[in-house]
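Report on the structure given below.
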Amino acid sequence: MVRTFMLMAAMTAFVGFIGLLLAGEAGLIIALAIAAGMNFFAYWNSDKAILRMHGARPVDQGSAPELWEMTASMARRAGIPMPALYIIETEQPNAFATGRNPQNAAVAVTRGLLRHMSREEVAGVVAHELAHIKNRDTLTMTITATLAGAVSMLANFAMFFGGDRDRPLGMIGTIAMMILAPLAAAMVQMAISRVREYEADAEGAAICGNPEWLASALNKLGVLSGRIDNIAAERNPATAHMFIVNPLHMQVVDGLFATHPPVEKRIAELRKLGRAPMRPARRRQARGGPWG
């Protein structure tokens, strides 16, 4: 939680600094007001908004018993409350987690994930999402996405803030910042997301008890997500970083602007875990697999 608030403070300060450079004191005030409002909305409502964007349908023990029991078992092993479960009716195999804390969290999996993956591979994917919840990554990634959006909003309206005397960088500098500031914010957001994916892979492998399950799932996901459309994700590209693999197969970009680490590198790291002895805490957690 401390790390999340430090990130929020740092990103809010970044938004304020961009506002100051774009339009002086007036820009600073407007930027901080926008950041505060968007942070408040993101904290309380972003999970519901994201689930609505993707048409996620809630399921329970009666409507999806195997998925529910698998998730409940691994949530107990992870030491977190059982999250709400949702299914997204798209054929692309994928999944994401959302929610402001482990007590108010949700895991959404696509119909394609359940159709194309084995039981063990589904367990690996769900364990990865539970790791995001346990590490509070869902809030962290939502906040960074929201504040990156605030920077883009400021850049779009920068020319309307005050006159030339209010722009510390002058007209040319302001135009340059309108282009560069959203890119810088996006790079920060994507860098944070990529780091969190590696950590969730490692923690997820411990939760499900076998790194190979998640590695095998990622291998299939890397192929199938590039072949099968996810229409809702294409319409809402700002949510792409929340999925276990990039759902935007028409907009896959490696390097600085990639929302996820390369699947091949993630698989390699998981297989290193499979060959290495687990730390004692993780060894105890992994014993028995997700079904006892």
### Query
Passes side chain to side chain contact (heavy atoms under 4.5 Å, CB included), Leu221 versus Leu113? Steps please.
CA-CA 8 Å; Leu221 288 165; Leu113 184 83; 4.0 Å; yes
#### Entry: Working for side chain to side chain contact (heavy atoms under 4.5 Å, CB included), residues Glu121 and Lys220
CA-CA 9 Å; Glu121 289 165 342; Lys220 286 187 181 179; 2.9 Å; yes
### Task
Take Met117 and Val125, measure what side chain to side chain contact (heavy atoms under 4.5 Å, CB included) needs, and give me the verdict at the end.
CA-CA 10 Å; Met117 300 287 158; Val125 170; 5.5 Å; no
### Task
Start with the C-alpha gap between His241 and Arg196, add the side-chain angles, then the distance that decides, and say whether side chain to side chain contact (heavy atoms under 4.5 Å, CB included) holds.
CA-CA 10 Å; His241 68 289; Arg196 304 314 298 159; over 6 Å; no
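Here Thr90 contributes atom OG1 and Ile228 contributes atom CD1; the two are 8.0 Å apart, rounded to the nearest 0.5 Å. For the atom pair NE2 (His260) and CG (Leu248), the distance works out to 9.0 Å, reported to the nearest 0.5 Å. Atom-to-atom distance recorded for Glu129:CD and Thr71:OG1 is 10.5 Å, nearest 0.5 angstrom. With rounding to the nearest 0.5 angstrom, the CG atom of Asp201 is 5.5 Å from the CG atom of Leu218. Considering CD1 of Ile267 and CD of Glu269, their distance stands at 11.5 Å, rounded to 0.5 Å. Here the straight-line distance linking atom CD1 of Ile50 with atom CE of Met242 works out to 4.0 Å at 0.5 Å rounding.
Two different hydrophobic clusters hold Val126 and Leu51 under the rule that ILVMFWY side chains link at heavy-atom gaps under 4.5 Å. Both Ile133 and Val122 sit in one connected hydrophobic cluster of ILVMFWY residues. Membership requires side-chain heavy atoms under 4.5 Å apart, directly or through other members. Hydrophobic clustering of Ile, Leu, Val, Met, Phe, Trp and Tyr side chains at less than 4.5 Å, counting indirect connections, keeps Leu67 apart from Phe243. Transitive grouping of hydrophobic side chains (ILVMFWY, heavy atoms separated by less than 4.5 Å) keeps Val245 and Phe96 in distinct clusters.
Nearest heavy-atom pair, Leu270 versus Pro211, reported as atom, atom and distance to 0.1 Å: O-CB, 3.4 Å. The two residues Asp229 and Gln92 make their nearest non-hydrogen contact at O-CB, 3.8 Å. Asp60 approaches Trp68 most closely through the heavy-atom pair C-CD1, 3.6 Å. Residues Ala123 and Trp213 share a closest heavy-atom pair of CB-CE3, 4.3 Å. The two residues Pro83 and Leu130 have their closest heavy-atom pair at CG-CD2, 3.8 Å. When every heavy atom of Ala131 is checked against every heavy atom of Asp137, the shortest pair comes out as O-OD2, 4.5 Å.
Between the Thr110 side chain and the Asn94 main chain, a donor and an acceptor come within less than 3.5 Å of each other. Using a distance-only test at 3.5 Å, with no hydrogens or angles considered, no donor-acceptor pair links the side chain of Ser63 to the main chain of Val59.
Taking the side chain as every heavy atom from C-beta outward, Met53 and Arg235 never approach each other to under 4.5 Å. Residues Ile88 and Val109 are not in side-chain contact: their nearest non-hydrogen atoms beyond the backbone lie 4.5 Å or more apart. Side chains of Asn104 and Leu139 form no contact here, defined as non-hydrogen atoms less than 4.5 Å apart.
Side chains of Asn219 and Ser216: a donor-acceptor N/O pair is absent below 3.5 angstrom, by distance only. Glu197 and His128 are linked by a side-chain donor-acceptor pair at a separation below 3.5 angstrom, with hydrogens and angles left out of the test.
Salt-bridge annotation for Arg271 and Glu212: present, with a side-chain N of the basic residue lying under 4.0 Å from a carboxylate O of the acidic one.
Residues Tyr86 and His54 place their aromatic rings such that the two centres sit no closer than 6.0 Å.
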